[in-house]
Amino acid sequence: VKTKSQMRSFVSLLPLGLGLMPVALGNLDGVSSNFNVEIPRGLNRDEGYDHREALFGVPQYGGEIAEKVYYADSTLCDDPVDKRKGYPCTYDSTGACEPWQSPFILMVDRGDCTFVSKVRRAQQAGASAVLIADNVCTCGNFNTSPQECTMDPGLQCEQNEPIMADDGSGNDVSIPSFLLFKQDADAIKTVLKDQNGIVQVKLQWGIPAPDDRVEWELWSNPVEVVSKNFQKTFYPDVAALGASQQFTPHFYIFDGVQNGCHSNAANCGSLCVNQGRYCAVDPDSDLERGISGGDVVVESLRRLCIWQHHGQDGVGEKYWRYVNYFLDNCDTETSFPTSANSACALAGLSAAGIDSSQVDQCMFDSGGTTADNVNQLLQGEIDAKAERGIVVIPTVYVNTVVMRGSISDQTVFSTICSGFLDGTSPEICRQCANCFDVTGCVSAGGVCGGSSPGGGGGGEKKDGISVGTLFLSLFLTVGVMGAGGFMYYKRTQREMRDQVRGILAEYMPLDDGAEGGAQMTARSGNNVAQI
């Protein structure tokens, strides 16, 4: 009989909690950005600097950021951020350092708080991008001759590279960030801090653009939470791109054969199917009840079969409809499809217009989930995962290059649009790729901001708003404000007249004086005073 401690020891092997720990990245050929120093020229490198991209924020795919660098000389983990601290320092008339002058890129030290916390504070301080300076050497750079990276005595090198993962709160971060290895960050710090010199760097992002069709993939699983909202809202954008894009969903399946579950299936228990061959982490961390890892694998297989039958056009309307139904109705402990009760999955298939018997037959023909044999679809996912070097989910690939940054409608849509050969992108990309509300723009027929097409009387459009609409809005605004001002003026004049009448009613000539002289009397109650 398996124990909780046995199963937890297995869970600790699974590389799905990667946002919390350093992990070997495997294949890094998919890095889609470039980092180099422009000033001083002595730090410039022909091929740029090795670096790692954050898994949050919004990279400028197809663009670049080239600005001067300030070194905060801190980990940027405390509020408020002191914008007069750091290097280079330009002294004001009082002898204090002037605040950081925008636009700028901020370099901060690694450590003490999450990457997201650092970048968020830098963004609030006005930074265009952030460079995280690693404070520990990787062993590959430390154990070299001559030594590439140096550390203070007593510190240990890191076997694995850190991953700039999202801590779960990075949706509000909109600027990009890179991690620089210690030996490279130290060289830049020397110019900034020791020499109080100027450093200007350039960050560039590119996506291969071979032709007029973009191929992209989403790696996830049925229970990961980060991409759920994206999966619920992105289908209209996929439909608008149509045949100009080719989408393929992939699912992170853990290889039980390589990690001892197949040879000792009892030790892995309900985490696996096919007698320990294909596994997933228990999503609710309760290894004895609720949703099991095996349930997650089976649901992954179901979606692979849905895509196999309804996704060959690269759009997969019925696949997206099923996923939407699932997230709305089945994504709970009580309704998640299990081997004992798959009613919610069947209802989702019916709602999406999918023949459930066709899906069941596909799952069986691929190898099923009970017998000790290879399942071709699940094995295909494991092989593709190894080829891509996938270690973090969710992950998006566009034209074989991993997309960095938050997985949101705007980020994914703009990245896809940057992957077309110049001059071949569809019209919807030119209309909506730079729009903050991409889905709203798509729903409005390509009008950024959600305005109705043609609402401006046929004038020339700029960023989705016609010139006619702009001038009409200005005219109406001025007219309303003018009318309001006139009414306020008239009311003020009326109140002033009423006040004057009241005063005159108290102080006015009541009797004519004798001998042609005017005599004015003032009344106060029953008393009369002559003036």
Side-chain angles (χ1 to χ4, degrees), residues 18-23 25 31-35 49-61 63-83 85-87 99-136 161-182 184-185 188-189 192 199-205 226-227 392 394-396 402-408 410-412 414-415 436:
L18 298 175
L20 303 179
M21 57 182 155
V23 181
L25 288 175
V31 172
S32 59
S33 59
N34 180 270
F35 173 78
Y49 284 73
D50 194 10
H51 63 282
R52 298 295 174 259
E53 302 168 271
L55 303 181
F56 55 90
V58 182
Q60 306 296 315
Y61 285 105
E64 63 182 41
I65 298 176
E67 303 292 350
K68 63 180 176 291
V69 177
Y70 286 105
Y71 171 47
D73 197 19
S74 77
T75 57
L76 218 68
C77 292
D78 299 316
D79 293 316
V81 175
D82 186 357
K83 297 179 67 174
K85 181 182 178 182
Y87 304 92
W100 303 329
Q101 299 298 310
S102 296
F104 64 89
I105 295 171
L106 191 62
M107 174 180 279
V108 302
D109 291 324
R110 180 187 172 196
D112 297 339
C113 61
T114 66
F115 293 120
V116 172
S117 298
K118 298 173 187 291
V119 178
R120 181 184 292 113
R121 288 187 177 91
Q123 175 177 296
Q124 293 168 350
S128 302
V130 176
L131 304 175
I132 304 293
D134 203 350
N135 56 357
V136 180
E161 299 171 2
I163 293 178
M164 289 185 66
D166 194 336
D167 64 5
S169 67
N171 287 338
D172 62 333
V173 176
S174 59
I175 62 174
S177 52
F178 288 171
L179 174 79
L180 298 185
F181 294 108
K182 187 176 186 300
D184 299 326
I188 295 174
K189 286 183 191 179
L192 293 170
V199 173
Q200 179 171 310
V201 301
K202 181 162 67 176
L203 290 65
Q204 294 177 297
W205 295 264
V226 175
S227 70
V392 175
T395 293
V396 170
V402 64
M403 186 200 83
R404 299 304 188 190
S406 61
I407 297 180
S408 64
Q410 196 277 334
T411 305
V412 176
S414 62
T415 306
F436 180 77

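Quick note: numbers below take in every heavy atom, side chains included, and nothing from hydrogens, waters or symmetry partners.
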Novice: Say you draw a straight line from OH of Y49 to CG of N34; how long is it, rounded to the nearest 0.5 Å?
Specialist: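 Y49 OH to N34 CG: 11.5 Å, rounded to 0.5 Å.
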Novice: Check T415 against M403 and note the closest heavy-atom contact, atom names and distance.
Specialist: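 It is OG1-SD, 3.5 Å.
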Novice: What are the two closest heavy atoms between S177 and M164, and how far apart are they?
Specialist: OG-CE, 3.5 Å
Novice: Is D167 close to S117 at the side-chain level, that is, under 4.5 Å between some pair of heavy atoms?
Specialist: yes
Novice: Determine, step by step, whether V58 and I175 satisfy the side-chain contact (heavy atoms from CB on, under 4.5 Å) criterion, reporting the C-alpha distance in whole Å, the side-chain angles of both residues, the deciding distance to 0.1 Å, and the verdict.
Specialist: CA-CA 5 Å; V58 182; I175 62 174; over 6 Å; no
Novice: Ignoring hydrogens and angles, tell me if any N or O in the side chain of K118 forms a donor-acceptor pair with the backbone of G111 under 3.5 Å.
Specialist: yes
Novice: How long is the gap from OG1 on T411 to CZ on F56, to the nearest 0.5 Å?
Specialist: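 CZ of F56 is found 13.0 Å from OG1 of T411.
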Novice: Looking at every heavy atom in both R110 and D134, which two are closest together, and how far apart are they?
Specialist: NH1-OD1, 2.8 Å
Novice: Nearest heavy-atom pair of V116 and A165: which atoms, and what distance?
Specialist: CG2-O, 4.1 Å
Novice: In the structure I gave you, are the side-chain heavy atoms of N135 and D109 within less than 4.5 Å of one another anywhere?
Specialist: no
Novice: Can you pull out every ring-ring contact (aromatic ring centres under 6.0 Å, His included) where at least one residue sits in residues 111-136? Sequence neighbours excluded, please.
Specialist: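 Of all non-adjacent pairs touching residues 111-136, none passes ring-ring contact (aromatic ring centres under 6.0 Å, His included).
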Novice: Could you tell me the separation between the CG atom of L76 and the CG atom of D79, rounded to the nearest 0.5 Å?
Specialist: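 Reported value, rounded in 0.5 Å steps: 8.5 Å.
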Novice: Got a donor-acceptor contact below 3.5 angstrom from the E64 side chain to the K202 backbone?
Specialist: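 Judged by distance alone, no pair lies under 3.5 Å.
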Novice: Verify, without hydrogens or angle tests, whether K68 (side chain) and P103 (backbone) share a donor-acceptor contact under 3.5 angstrom.
Specialist: yes
Novice: Just by distance, no angles: are the side chains of S33 and E53 close enough, under 3.5 Å, to form a donor-acceptor pair?
Specialist: yes
Novice: Nearest 0.5 angstrom please: L131 CG to H51 NE2, how far?
Specialist: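 Reported to 0.5 Å precision, the distance equals 10.0 Å.
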Novice: What's the spacing between L106 CG and Y70 OH if we round to 0.5 Å?
Specialist: 10.0 Å
Novice: Is D172 salt-bridged to R120, going by a charged N under 4.0 Å from an acidic O?
Specialist: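 Salt bridge present between D172 and R120.
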Novice: State, to 0.1 Å, how close W100 and D82 come at their nearest heavy-atom pair, and which atoms those are.
Specialist: CZ2-O, 3.6 Å
Novice: Can you check whether M107's main-chain N or O pairs, donor with acceptor, with K189's side chain at less than 3.5 Å?
Specialist: no
Novice: Would you check if V392 and L55 make a side-chain contact, meaning some heavy-atom pair closer than 4.5 Å?
Specialist: yes
Novice: Less than 4.5 Å apart, any side-chain heavy atom of R52 and any of F181?
Specialist: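 Yes - at least one pair of side-chain heavy atoms lies under 4.5 Å apart.
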Novice: Measure the OG-CG distance between S408 and N171 for me, rounded to the nearest 0.5 Å.
Specialist: 8.0 Å
Novice: I'd like to check the ring-ring contact (aromatic ring centres under 6.0 Å, His included) partners of Y71; sequence neighbours left out, ordered by chain and number.
Specialist: none
Novice: Which atom names give the shortest non-hydrogen contact between A185 and L180, and what distance separates them?
Specialist: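 Result for this residue pair: CB-CB, 4.2 Å.
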